[in-house]
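One structure below.
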Amino acid sequence: QVQLVESGGGLVQAGGSLRLSCGASGRTFSNYAMAWFRQAPGKEREFVAAISWNTDWTAYADSVKGRFTMSRDHVRNTGYLQMNSLKPEDTAVYFCAAGPGARIASVYRNWGQGTQVTVSS
């Protein structure tokens with residue numbers, strides 16, 4: 001079992017930046033891919049980005065490609081999502097997950113509690 005805790009959310013103006021962190025505990029964390037999903041009010045949870053266990057690949061939703069960058073640090077057991085050029089439509093609760101690295105939320109068993117990101121226009 002992996003426990004995940006997100007941090008770094010907040011309120012930012014359009015065009016600004018935030019960096020989300022996902023701290024993990026559990027001996028098997030390094031064996032999992034990591035992913036970020038987000039959920040806006042009234043909408044389904046959607047895929048944002050993923051990174052493999054050994055960082056040899058990353059994947060991004062088209063809506064964030066070129067603006068968001070995902071990384072991870074095995075020494076610190078932490079994953080990151082650097083978000084630049086933020087837009088109001090990026091407003092959502094952001095969740096990190098550990099699992100197979102797929103773009104489908106239902107295949108992940110390990111989730112954090114979420115962190116709110118609000119982008120004002």
With the 4.5 Å side-chain cut-off for hydrophobic clustering, are [X] and [Y] part of the same group?
{"X": "Leu81", "Y": "Val12", "result": "yes"}
{"X": "Met34", "Y": "Val117", "result": "yes"}
{"X": "Leu20", "Y": "Val93", "result": "no"}
{"X": "Val5", "Y": "Phe95", "result": "no"}

With Phe47 as reference, evaluate Tyr108, Trp36, Phe37 under the ring-ring contact (aromatic ring centres under 6.0 Å, His included) test and give the passing residue. Phe37
State which residues pass side-chain contact (heavy atoms from CB on, under 4.5 Å) with Asp73; sequence neighbours excluded, sorted by chain then number. Val75, Arg76, Tyr80
Which atom names give the shortest non-hydrogen contact between [X] and [Y], and what distance separates them?
{"X": "Ala14", "Y": "Pro88", "answer": "CB-CD, 4.1 Å"}
{"X": "Phe68", "Y": "Tyr60", "answer": "O-CE2, 3.3 Å"}
{"X": "Thr78", "Y": "Gly23", "answer": "OG1-CA, 4.1 Å"}
{"X": "Thr115", "Y": "Gly9", "answer": "OG1-N, 3.2 Å"}
{"X": "Ala98", "Y": "Val2", "answer": "CB-CG1, 4.5 Å"}
{"X": "Ala105", "Y": "Arg45", "answer": "CB-CD, 4.4 Å"}

Does any N or O in the side chain of [X] come within less than 3.5 Å of the main-chain N or O of [Y], such that one atom is a donor and the other an acceptor?
{"X": "His74", "Y": "Asn54", "value": "no"}
{"X": "Glu6", "Y": "Cys96", "value": "yes"}
{"X": "Ser21", "Y": "Ser7", "value": "no"}

Are Arg72 and Thr55 packed together at the side-chain level, in the sense that at least one heavy-atom pair is separated by less than 4.5 angstrom? yes
Pairs meeting criterion side chain to side chain donor-acceptor pair (under 3.5 Å) with involvement of residues 86-107, two or more places apart: Arg38-Asp90, Arg38-Tyr94, Arg67-Asp90
Under 6.0 Å from the CD1 atom of Ile104, do we count more than 12 heavy atoms belonging to anything else shown? no
Please say whether more than 12 non-hydrogen atoms of neighbouring residues, nucleotides or ligands are located less than 6.0 Å from CD in Gln113. yes
Any chance you could measure Met83, atom CE, to Thr69, atom OG1, to the nearest 0.5 Å? 11.0 Å
Any residue meeting salt bridge (charged side-chain N to carboxylate O under 4.0 Å, His left out) with Arg19, in chain and number order, not counting sequence neighbours: none
